[in-house]
Amino acid sequence: MKTRENLRNIAIIAHVDHGKTTLVDQMLHQSGVFRDNEQVAERVMDSNDLEKERGITILSKNTAVMYNGTKINIVDTPGHADFGGEVERILMMVDGVLLLVDAFEGCMPQTRFVLKKALGLGKRPVVVINKIDRDGARPDEVIDELLDLFIELGADEDQLDFPVVYASGRDGYASTDPTVREGTMQPLFEAILQHVPAPHGDMDGPLQILFSNIDYDDYVGRIGVGRVERGSVKNGQFVTLCRADGTTVNARIGKLYQFEGLHRVEYETASLGDLVAVTGITDLNIGETACDPACPEALPFVRIDEPTISMVFMVNNSPFAGKEGKYVTSRNLRDRLFKEVETNVSMRVRETDSTDAFEVSGRGELHLSVLIETMRRQGYEFAVSRPQVIYKQDENGQLLEPMELLMIEVPENYVGAVMEKLGSRKAEIVNMGTRDTGISHLEFRIPSRGLMGYRQQFLTDTNGNGIMNSIFDGYEPFKGEIPQRVQGSLVVFETGETSSYGLFNAQDRGALFVGPAVPVYEGMIVGESPKSEDIVVNVCKKKHVTNMRASGSDEALRLTPPTVLSLEQSLEFINDDELVEVTPKNIRLRKRILSKEQRMKEYSKRKG
């Protein structure tokens, strides 16, 4: 058994918006990855457009820096619980974790989630209290919260004795003293070298590479990203691939890459502990092991938590179908969804009785909405149903439903409104406290379906002053019926183009989602009705032109600006009998049954 002292493998884990990607930026800059005159974007690790727009990390990514002759492989991981599958498998590639915690917000739901996974796999934590210069920072209290959390999650003695580094990722300094407000990242690099274990194992044994990630390149095809767990590997070497189902297949490594800065660099060899990317192995999947042909031994892979939310993706059959999308058929949709499952390990796709519809299951609404937005930008056109929770049954046949741990930070004067709304959604309060700043911290356990459609209500009730985060927290017996959306929809009467005159008459019936000169079709939803039932409106109605004019009849019509719903808001808004139509250019809401007469017949049938 040998130890590679010149190598460290770490993952950066944290709650969303606690500053992981900004901290990595500073580590890259201060380790000399970039030239002095090189123009580098902020949050350089958030490389795809969707990540840049939303300001969140969605995909795990690898980078590497050199410090005092030691190579430090860094994996930047997502902070949202919905992308927890990315975090779980990446932990298999590293020996330690940087647990990043905001000096003001402290322990949040995702902190608990990723830390539990890391401690369970025996990873050594280094705690970084970030944003130490933030107003209201409370580092001592946050460390006490972390210690309680470590004990609660069953950390061993070595893990409980965690080192603490205080940092400001934005200003690029770190220290072991919480009062320091200047300097460099050197104390953080030193803590990594001192406290994160170096790779240790059989360097001369038969090869084993465990693949934890899949990338894709248009020129070379699938690229497997993994860690050399035993022995060494050469460019062009023949290997045996041990698949997840127990079968084996012979393959040859095309090219071998390692990570340097933001780039993959071709290498001739790699050995124990190295994080590598390999090409040439077709049909490679996450969790599979490449071995020496003389010793094919598969390595166990981390168990990925099951999905909790499902939606139906279906071919778009509206009157506007095929006008805006590049990929519109069921075959296009099927191929794209099954391709997603190959790299997105916490997602499931199941074919339904209909050849035009597929059931897609994921970790949460955000997990699925990111897939929808990605497909939309790639030119796909389709429709999706309302998200539904996935129920289970225990051995006694009792119905179980997924529960969430919900954490809310809100000014004290809004606490009553929040608790009233959550009470009707079957939420149970677990913890409650007030900070010196007048902010109340509330913790609830709530059924996942109780959170559906609540975010918009929460922002309204708190005037946008609240922070809400949740994480899956196991299954519990069914909690009973929860009241759903009570408002109806404003539904279009006929196909055409919206007119100012038609919208002016319709805006008294409810809040509108569209403005003038927008193409619409019968059965499309253009607004929210304050009443419980749907209202059919004629938004295409034009003013009759006559030779006679009455006083004041030509005054300008004053239209209330429409409320334009985002994709997530659209998914929260729709009812069971409604769909979201997604195209590269538009997001529309519609009834499943477009014809008013057919809807009335269906309603009468159900009522009878």
Side-chain angles (χ1 to χ4, degrees), residues 14-20 22 53-57 79-82 100-112 129-139 141-142 145 168-170 364-366 369 404-446 448 450-471 482-483 485-487 511 513 528 530 560-573:
H15 185 80
V16 66
D17 279 344
H18 280 199
K20 296 182 302 299
T22 307
E53 286 173 24
R54 293 175 179 240
I56 61 173
T57 303
H80 268 285
D82 286 25
L100 207 67
V101 185
D102 189 301
F104 172 74
E105 291 186 1
C107 298
M108 299 295 275
Q110 183 69 355
T111 313
R112 170 188 300 270
I129 306 296
N130 195 29
K131 304 185 184 181
I132 192 68
D133 53 342
R134 180 176 175 178
D135 289 341
R138 45 187 193 96
E141 290 177 44
V142 170
E145 289 176 15
S168 170
R170 184 190 63 186
E365 286 179 276
L366 182 65
S369 71
E404 305 266 340
L405 178 65
L406 174 66
M407 290 193 180
I408 286 177
E409 307 248 328
V410 70
E412 288 179 25
N413 50 320
Y414 297 118
V415 169
V418 169
M419 293 186 72
E420 181 186 346
K421 292 291 189 326
L422 287 174
S424 66
R425 291 170 177 263
K426 307 292 184 184
E428 298 172 3
I429 192 156
V430 177
N431 199 0
M432 184 177 179
T434 305
R435 291 180 181 156
D436 298 337
T437 52
I439 300 293
S440 291
H441 177 82
L442 310 171
E443 290 182 27
F444 297 90
R445 280 177 60 79
I446 182 170
S448 296
L451 278 179
M452 289 183 181
Y454 175 65
R455 187 172 294 276
Q456 203 60 32
Q457 181 73 56
F458 173 73
L459 292 174
T460 303
D461 289 344
T462 62
N463 290 337
N465 290 311
I467 299 172
M468 173 176 131
N469 291 286
S470 64
I471 185 168
I482 293 176
R485 187 186 103 202
V486 292
Q487 292 83 8
F513 299 154
E528 181 182 29
T560 306
T563 304
V564 180
L565 300 184
S566 66
L567 175 61
E568 278 89 359
Q569 288 170 331
S570 300
L571 293 173
E572 285 187 352
F573 177 81

| request: Before giving the answer on side-chain contact (heavy atoms from CB on, under 4.5 Å), spell out for Gln457 and Lys421 the whole-Å C-alpha distance, their side-chain angles and the decisive distance to 0.1 Å. | output: CA-CA 9 Å; Gln457 181 73 56; Lys421 292 291 189 326; 3.4 Å; yes
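- To the nearest 0.5 Å, atoms CE (Met452) and CZ (Arg425) are separated by 11.0 Å.
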| said: For a side-chain contact (heavy atoms from CB on, under 4.5 Å) check, start with the C-alpha distance between Gln569 and Thr563, then their side-chain angles and the critical distance, and finish with the verdict. | reply: CA-CA 11 Å; Gln569 288 170 331; Thr563 304; 5.9 Å; no
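- At least one side-chain heavy atom of Val415 sits less than 4.5 Å from a side-chain heavy atom of Met432.
- The heavy-atom pair separating Asp102 from Val142 by the smallest distance is O-CG2, 4.0 Å.
- When the shell of 6.0 Å around CG of Asn431 is examined, it contains more than 12 heavy atoms from other residues, nucleotides or ligands.
- Shown here for Tyr414 and Asn465, the closest heavy-atom pair between the two residues is OH-ND2, 3.4 Å.
- With rounding to the nearest 0.5 angstrom, the NZ atom of Lys131 is 8.5 Å from the CG atom of Leu100.
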| task | May I have the step-by-step check of side-chain contact (heavy atoms from CB on, under 4.5 Å) for Tyr454 and Ile446, ending in yes or no? | result | CA-CA 12 Å; Tyr454 175 65; Ile446 182 170; over 6 Å; no
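- Rounded to the nearest 0.5 angstrom, Leu422 CG and Arg445 CZ are separated by 14.5 Å.
- Of all the heavy atoms in Val430 and Phe444, the pair that sits closest is CG2-C, 4.0 Å.
- Here the closest non-hydrogen pair linking Ser448 and Glu404 is OG-OE2, 3.0 Å.
- A donor-acceptor contact closer than 3.5 angstrom is absent between the side chains of Glu412 and Ser440.
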| said: One pair to check against side-chain contact (heavy atoms from CB on, under 4.5 Å): Arg138 and Glu145. What are the steps and the verdict? | reply: CA-CA 11 Å; Arg138 45 187 193 96; Glu145 289 176 15; 2.8 Å; yes
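- Rounded to the nearest 0.5 Å, atoms CE (Met419) and CG (Leu442) are 6.5 Å apart.
- For the pair Val410 and Gly466, the tightest heavy-atom approach, listed with the atom from each and the gap, is CG2-CA, 4.3 Å.
- Ile482 and Ser424 get closest at one heavy-atom pair: CG2-O, 4.2 Å.
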